[in-house]
Amino acid sequence: MAGICGCCSALKPRYKRLVDNIFPANPQEGLVKSNMEKLTFYALSSRPEKLDRIGQYLERKLSTDINRHRSEYVFISMEILDQLLVSCHAHSLNLFVESFLKMVQKLLECGDPNMQTRATSSFVKFANVEEDAPSYHRRYDFFVSKFSSLCHNNHKNPVMRRELRQAGLRGLQGVVRKTISDDLQVNIWEAVHMDKIVPSLLYNMQDHDPASEDGDVDSPREEDDPAHLAEVVFRDLVCRASYGNIKSVLSPVLTHLDNHNLWVPNDFAIRVFKIIMFSVQSQYGYLVVQMLLAHVDKHTKSDPRIKTCIVTVLYEAVLISAGNSTGPSVLEVFNNLLRHLRISIDKKSSDELQRNEEIKFEEVVVNTIGEFANNLPDYQKIEIMMFIMGKFPQFTNEEEIGRLDKQLSVNLLRTLLKVATKYKTVSLSQAFPPEFLHPLLRISLIDDPGMRIIVQEILHTLFDRHGNSFKLKHITIPKDITSLHLTIKLNNRHDLLFMKKSGMQLYWHILENLQLESNRVDNFEAIYCTMCLLSMEVGQDEVIIELVRLALDIQQVALNSTLPVTHLCAIHSLVAAFLNLLGQITNTGSLYHHVLRVIENRENMAPHLLPDFAFNRNNRPHSWSELQESHLYPKSMDIPEPCLFHQERLADCLRTSGLDVTRLSTPFSARPNLGFGVGSGEGGTSLSDVGSINIEMEGTDGSPRVSKKSEEITVESLKKMLAEDNSIGKAEEEKHRKEVINMFRSAPFEEIVARSEAKSNLFHSKLTEILDMVSHDKMPSEPQSEMVFPKLFVY
């Protein structure tokens, strides 16, 4: 019988005999190394199909050993496979790998943890082997599923649980490395794979050091900790993601955070997205931001705490991202955040706790918008500020703002301030385009002191280029301004051109702000800071004259106003403090000495006109009722002449410094520039220059059709005009337009020419009359000559 067996053994193919000879009689001794070398030499020197046959034969032996529970021989078979895999990687491994993967799969399907970890070790070695030829039919679905399940293993033994989770994580890392570099293999970025891989990694990152749950087990080394290993694999996965694959990784991340309620608290979510932002390629960072924004949209109706945490994660991501992280659609990003800001405000929660959470959400949105703006170039920051300005609710100065609109306006102003703090002003004309400055100044007249303060803070941020605003937060009268450590550097002529164009708007709005009865101490001090910044940033000669005119007009307003006594004292002290500062920064000694004399007179005769008293810096009653009953304030505001600033004396002081004081005697408080001219009085038309306006509308026959009676133009009349219903005028204008259209459609050509000639004659006569008036006024000595215009001059 033994002879028969020996004969059968001799009839076996050589590769089978070589494989059999590797297995020892006693499995404890391990494989026979000399016979292993013979098998390796045979596999390398023979044809490639021999390697495949060796693999198939080993697979059959492995299956038999698994069925017979001979685990020692199973491990020897896997060791043989590993050595063949490493030694023969230069040859074509496609066919051999199929047998190899089948054996790994059989081990993974076993319930024995030792076999599963051994199979994972072999798979990792295989993943590190670079193949010369790609495989078009190989699939890794089973391995992704099995390794993912190992990542969630909950074995009773903590040490075994840790080892199995490590095996699953290393296996996933091997799958990713093996498939990600070869586009011809299975697409690992498909959702069916990522929905298993990413949650497995996040689960282990969150469940830190499961082995340490048992006090008898020593904590593993950091590199052996599943949480650390999962983070390494996750970083590697994100780092390898290209433009088209970022969303494949992020989608399961967001879904996992939603399904397991990991947004509140958001410590883990922030940690995950910090890993993502530090690992992702910098040019793709904006895709992460876009997906977070889209995820906020999905949670529009969710609890405010969830939305707050998501936007907080977004804020942290923006902090890390580079300047191009906001992507090409910048306005869409800001529009999205502003939309959520408005939705939160419109919810109008009656529950106090819920409303507090919504307020936190609004705070985070404002901060995130500011951080977004910080990543933009300066010219885009101005565009964003104008974009935010367009989101303000439409209202007039005398219109009562509803609670929701007011709350929205406050948040939008805070957002504007946040963006403005990120902008570095170079030229005032660039920082204050008319489309931004005019509506901002209009909002500064809203009857809400808190909103007005924010507007002034926006002006401070954009005007202040040398860090002086925080030194001017309080109205004081220092005898030497060097104690304030101010930085004064006058800028180029472009700023002077800006003041010529828009200065009158600024001055008039300052005047109007000071006359509002709802002003508080903060409002007066904010306006004072604005005036001081104007003098330090654009304090050229012409601007100095305008600012002194402004100070005189403010004083005159206080003298003629019916405001409370507290307000009048605050205004007078503001004027004194401003002129004191102006006299010192402009080096006009005579002006400074005159201001000092007036201040000394006030200290002796009217101390209530100085800041220490007017702004509650002395021990005096705080409430208005107590102030009215106290004897501290005078019963009437009859101010002694030595305590006032006079235009003639100020003009003499400025004249000695070589300044042109011609315009100083012309007050502008009654003639604000509404955009008709450049705003400085030179070439611009203001309301005081226009005595009356005759409005004529011609009919289709060329004759006057409507004539309004001439009336004096005042601020009150303009407000009345804005408040009037103009539907009748629009109807008449529409009727006139239809008449003109019908005339050109149906009237004969001769009639159209006749009407045009009539209008032309009327135009000629008016023009001749105007030219005659000009010649009479400016050139009375020159002979007058009649100007002849051709017929049909209109054409």
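Everything quoted here is computed from the prediction, not taken from an experiment. Along the sequence shown, the residues carry numbers beginning at 1.
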Listed partners of Pro433 passing side chain to side chain contact (heavy atoms under 4.5 Å, CB included), at least two apart: Ile382, Met386, Glu435, Phe436
Lys422, NZ atom: more than 12 neighbouring heavy atoms under 6.0 Å: yes
side-chain contact (heavy atoms from CB on, under 4.5 Å), paired with Thr425, selected from Asp464, Leu462, Asp495: Leu462
Lys307 side, atom NZ; Asp297 side, atom CG - distance, nearest 0.5 Å: 10.5 Å
Presence of salt bridge, Arg737 and Glu734, under 4.0 angstrom: yes
All pairs passing ring-ring contact (aromatic ring centres under 6.0 Å, His included) where residues 336-365 contributes a residue, at least two apart: none
Donor-acceptor contacts under 3.5 Å from residues 242-250 side chains, at least two apart:
from: Ser242; atom 1: OG; to: Asn245; atom 2: ND2; distance (Å): 2.9
from: Ser248; atom 1: OG; to: Trp189; atom 2: O; distance (Å): 3.3

Salt bridge present between Glu537 and Arg465 (N-O < 4.0 angstrom): yes
Leu341 backbone acceptor or donor facing Ser344 side chain under 3.5 Å: no
Candidate pair Asp378 and Lys424, rule salt bridge (Lys or Arg N to Asp or Glu O under 4.0 Å), full reasoning: CA-CA 7 Å; Asp378 281 347; Lys424 302 220 181 318; over 6 Å; no
Arg305 atom CZ, neighbour heavy-atom count above 12 within 6.0 Å: no
Test item: Asn519 side-chain N/O and Asn513 main-chain N/O as donor-acceptor pair under 3.5 Å: yes
Any donor-acceptor pair under 3.5 Å from Asn468 side chain to Thr487 backbone: yes
Cationic N near anionic O, under 4.0 Å, Asp258 to Lys298: no
Side chain Ser502, main chain Met499, donor-acceptor under 3.5 Å: no
Arg549 side-chain N/O to Arg663 backbone N/O, donor-acceptor pair under 3.5 Å: yes
Test item: Gln515 side-chain N/O and Leu511 main-chain N/O as donor-acceptor pair under 3.5 Å: yes
Exercise: do Gln281 and Gln283 side chains pair donor with acceptor under 3.5 Å: yes
Results of side chain to side chain contact (heavy atoms under 4.5 Å, CB included) for Ser279 - residues two or more places apart only: Arg235, Val238, Ile275
With sequence neighbours excluded, residues passing side chain to side chain contact (heavy atoms under 4.5 Å, CB included) with Asn367: Tyr315, Lys418
Under-4.0 Å salt bridge between Arg414 and Glu362: no
Steps toward side-chain contact (heavy atoms from CB on, under 4.5 Å) verdict (Met536, Leu533): CA-CA 5 Å; Met536 289 187 291; Leu533 289 174; 4.1 Å; yes
Check: Met451 main-chain N/O paired with Asp448 side-chain donor or acceptor under 3.5 Å: yes
By side chain to side chain contact (heavy atoms under 4.5 Å, CB included) - contacts of Gln354 (at least two apart): Asp303, Pro304, Ser349, Asp351, Glu358
